[in-house]
A.B. asks: 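Before anything else, here's the structure in question.
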Amino acid sequence: MNINRFSTKVKNENQQGVNLTNSLPIVLLVIVSIFILYPIIILVISSFSRYGHFSLENYKITFASSTTFKAFINTLKMALITLTGTWIAGGFLAFVRHKTDFKYKKTLDNFVFLSFTIPAYILSISWIEVLTRGGYLNRILKVVFPTITYRFNAYTIFASAIILILHLYPLVYYGVGNALKLLNGDIEQAARVCGIARFQILIRVILPLVMPSFISTGLLVISRSMANFGVPAQVSLPTGNEVLTTRIFSSMSDLNLGVVAVLSVILILIAVAIFLISEKFTQKKYYNVNADNKNINVSVIKLGKWKQAINIAVIIFFVFSVIIPFITIIISSFFKRWGLPFSKESFTISNYVRLFSQENLLTQPLFNSLIYGIVGATIASLIASLIVYLYVYRNNKASKWLMNIAQLPIAVPNMILAVAAMFAWINEPFKLYGTSSIIVITYIVLFIPICIKQMLGSSENLDKELDKAAITMNINIYIRYTKLFLPQIKDSLLSGFLICFLISLKEIPISLLLYTSTTKTLGVMMFTVQSNSYGLEMTSTISVIVIFFSFIGHIVLKNLGSKGY
Amino acid sequence: MNYLNIENLEVSYENNKLKSETKKVLEDFSLDVNKNELLVLLGPSGCGKSTLLSAISGLITPDKGSIIYCDKTFFDNKSGINLPAEKRNVGFVFQSYALWPHMTIYENIELPLKAKKYKRNEIEEKIEYILSVVSMSEHIYKYPSEISGGERQRVALARSLAYEPSLLLLDEPLANLDANLKAELTQEIREIQKKLEITTIYVTHDQHEAFEVADRIVVMKEGKIMQKGTPREIYHNSKNVFVANFVGKNNILVNEKNLFCNSIKKCENRIIAIRPEDIKLENDGENVGIIKKILYKGNHIEYILCFSGQKIIAHSNKEYHYNVGDNIRFNIKKYNLF
């Protein structure tokens with residue numbers, strides 16, 4: 001009698017569990033389809049539509065324009081220079097760090113970390129403050145060499161590329177550095193014992209083995225530099241040197257939405273292609289070079305007579321990439337007005353006061369950024385964790401589809417996510433344009449793949465039998481997810497949340513395209529404050545605050561042992 | 001004739017935690033290796049076996065001492081000679097095989113030959129020959145990831161032998177393989193070494209492997225030689241408690257208060273080592289113990305006895321009808337005293 005009653009209870013719970021288990025992927029699929037697929041589909045449809053009808057006119061207009069063609073060429077030029085620069089800088093520093101007896105390895109790590117925390121846009125502000133005609137360099141030169149005329153043009157595509165190199169080289173440093181670190185010491189030593197010369201070992205053994213890391217990080221650099229808006233907008237656009245992202249922005253300002261849609265679709269296609277190639281490279285596992293071995297990294301190259309030269313090269317690099325940008329931004333933030341002479345009267349702390357008390361410039365945007373960041377990152381973490389849970393423990397067709405759709409935005413430039421959101425949420429029935437929801441939703445779309453990436457790393461090592469064991473004990477999916485799955489991935493969940501939150505504090509293009517007077521963010525303020533009644537001094541003041549938050553956030557992340565470092 | 005002569009070698013490592021401290025891995029270490037001999041370095045993890053191989057090959061630089069191969073000085077701190085690894089012409093097989101994963105098997109063997117400036121036709125010939133020796137000719141254009149662990153081991157061996165090294169060093173070459181494959185490859189390595197007549201030093205912590213392959217065994221502990229000799233000498237005439245305990249199973253007992261009858265009476269208060277197979281269970285045995293456990297081991301039965309308060313293990317391949325708790329009589333056929 002008792003047994004029967006127990007069986008009935010089990011059956012009911014099982015049925016409930018099965019229903020919930022089956023309905024969860026469907027609910028998630030609907031959510032990601034609405035948030036991610038729908039805007040992109042609308043964007044693609046818009047690119048083929050003119051006056052409500054199917055047309056290729058938008059494409060014809062876009063491709064016929066010489067400005068667009070020039071923007072293409074400039075984008076390509078910028079991406080390739082950035083790629084070359086990051087490969088040289090990141091690869092060289094990674095090699096010095098991991099394969100030589102360079103003495104200041106910890107200091108090198110710390111400086112690369114600092115480079116990583118400075119947003120690219122802020123680097124471009126510093127570039128302007130130092131190298132333009134009214135900049136610090138020219139002012140110093142005027143004092144030292146009064147007769148020399150300063151002719152350096154700081155507003156070029158090359159300038160954008162240099163700034164992007166200083167911002168993106170840590171990607172190569174970390175990627176190639178990890179590959180070098182994991183390189184089985186035996187492999188190199190086997191070559192030495194076989195009588196192969198050092199240089200040959202470098203060319204024939206080490207370089208081919210770290211090449212996949214060079215290529216995958218290189219593709220990431222190309223993708224990130226092509227998608228960047230803030231830097232070319234600041235240092236290339238003023239002299240009419242457009243790239244694709246600034247072209248989209250200016251076409252948007254001219255209400256040329258057809259061109260906006262076409263350029264966005266093209267950027268998506270390029271970005272997705274790069275993403276897919278990059279994924280292929282990272283999946284290629286035949287270079288399985290890390291194995292247990294006792295001799296790992298026993299041999300390092302002795303720098304010998306090159307020691308001083310390497311030390312000086314590293315110091316010069318960090319002076320230009322970290323120290324000068326930091327100092328200029330901080331000094332400028334204390335100027336009463338950018339461009340005033342260097343005298344005691346020119347400096348003030350009132351810029352900081354104005355931001356939060358007198359004119360209250362930053363209180364609302366800071367509050368907005370915090371709220372949008374927290375809400376966006378929380379919802380994205382939740383959705384991402386559910387998707388990862390299903391992917392790891394179910395791994396069926398539905399969960400794979402879910403994973404693929406959810407990861408799609410990682411290949412799409414931030415600006416295009418904003419453009420797609422604008423196209424999708426401007427009309428009924430989902431009229432969200434002009435509200436804070438559209439920014440939050442776009443943040444969620446941007447953050448989901450970032451959170452997934454963080455969690456997938458730690459989930460790969462989870463024992464797949466754990467969930468099955470719980471199912472056999474009739475534990476329902478809610479308990480399995482909250483009590484068994486979440487505690488195991490909590491660190492990566494938290495680091496994913498923090499990474500997203502940090503992005504929300506410094507991102508510009510999404511909020512810039514979607515903000516209204518009440519939904520301004522820190523990024524919008526940083527970009528627009530200069531064009532109002534303030535100069536670069538106020539941009540610098542906001543930059544100092546953003547750097548401060550970014551620095552603290554990255555320190556917390558680093559302590560969490562996040563995978564990205 | 002001594003082919004390799006190591007004298008007063010000292011190697012120390014920096015302590016990872018306390019950078020100011022150094023740990024001596026080898027101290028005042030001397031060893032001779034004969035021509036065409038296969039010498040096994042046997043010992044627990046961390047005893048300095050692999051460090052010795054690294055020092056011989058030139059991958060690490062010793063602090064003191066000398067390593068001389070025939071008339072060629074590899075290292076001598078007194079005269080300041082330290083021949084680089086690439087100039088010692090030594091073959092080294094690593095535990096991880098250390099095959100270059102981005103090269104085919106052919107390319108893996110070809111690269112060292114090219115480095116040694118062999119001509120193209122010589123390279124072809126040598127690769128063909130050495131792959132036939134290790135029975136890997138059919139896999140010549142495969143990548144290391146496309147072959148099994150045992151095959152990778154064969155390729156690693158072929159790569160180290162192709163350029164005709166004067167000395168072959170094998171660092172736990174079979175440690176990553178399963179038992180059956182290990183037994184098969186142990187024999188193969190032995191045959192290849194004899195066929196090519198190459199002086200070889202073989203590092204392992206597996207005594208069965210050591211016994212199967214060695215001409216001579218050197219048992220090491222904490223950077224020092226505990227005993228060297230033929231496998232038979234090491235097993236049957238262990239010179240100290242460590243070797244007796246480390247090599248094979250042994251009952252190590254203190255013979256206090258005339259523990260055993262007659263035969264060992266005179267050796268009171270000395271440490272005695274008795275191999276389990278040297279304890280014969282006999283109805284007229286001099287000693288009596290109580291059976292605590294009986295374990296069936298396939299080719300023999302293991303009896304765990306309690307004898308005067310001490311645990312003794314005895315092996316027998318005869319089937320007795322004893323039960324746990326029974327008294328059992330036994331004689332000691334052979335023992336070692338320390």
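Below, chain A is the first sequence line, B the second, and so on; all start at residue 1.
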A.B. asks: What part of Lys87(B) gets within 4.5 angstrom of chain A, counting heavy atoms only: side chain, backbone, both, or neither?
C.D. replies: neither
A.B. asks: Identify which one of Tyr97(B), Phe94(B), Phe92(B) satisfies the side chain to side chain contact (heavy atoms under 4.5 Å, CB included) criterion when paired with Asp186(A).
C.D. replies: Phe94(B)
A.B. asks: Give a yes or no answer on whether the side chain of His102(B) reaches the backbone of Ile206(A) with a donor-acceptor pair at less than 3.5 Å.
C.D. replies: no
A.B. asks: Does a side-chain heavy-atom distance below 4.5 Å link Leu59(B) with Arg192(A)?
C.D. replies: yes
A.B. asks: Using a cut-off of 6.0 Å, state whether more than 12 heavy atoms not belonging to Arg224(A) lie near its atom CZ.
C.D. replies: no
A.B. asks: Can you tell me how far apart NZ (Lys116(B)) and SG (Cys194(A)) are? Round to the nearest 0.5 Å.
C.D. replies: 7.5 Å
A.B. asks: Looking at every heavy atom in both Val90(B) and Val193(A), which two are closest together, and how far apart are they?
C.D. replies: O-CG1, 3.0 Å
A.B. asks: So Asn184(A) and Ser96(B), do their side chains get closer than 4.5 Å, heavy atoms only?
C.D. replies: yes
A.B. asks: Going from CZ on Arg198(A) to CD on Glu86(B), what distance comes out if it is rounded to the nearest 0.5 angstrom?
C.D. replies: 6.5 Å
A.B. asks: Is there a side-chain contact between Leu99(B) and Ile187(A) in this structure, where contact means two heavy atoms from C-beta onward sitting under 4.5 Å apart?
C.D. replies: no
A.B. asks: Hey, does Lys114(B) have a side-chain heavy atom less than 4.5 Å from the side chain of Gln200(A)?
C.D. replies: no
A.B. asks: Is Leu169(B) in contact with chain A via its backbone, its side chain, both, or neither, using a 4.5 Å heavy-atom distance?
C.D. replies: neither
A.B. asks: In terms of heavy-atom contacts, does NZ of Lys307(A) have more than 12 from other residues, nucleotides or ligands at under 6.0 Å?
C.D. replies: no
A.B. asks: Heavy-atom distance under 4.5 Å to chain B: side chain of Ala197(A), backbone, both or neither?
C.D. replies: neither
A.B. asks: If you count every heavy atom of other residues, nucleotides or ligands that lies below 6.0 Å from Glu188(B) atom CD, does the total exceed 12?
C.D. replies: yes
A.B. asks: For the NZ atom on Lys103(A), are there more than 12 heavy atoms of other groups (residues, nucleotides or ligands in this structure) within a distance under 6.0 Å?
C.D. replies: no
A.B. asks: For atom CD of Glu124(B), is the number of surrounding heavy atoms from other residues, nucleotides or ligands below 6.0 Å larger than 12?
C.D. replies: yes
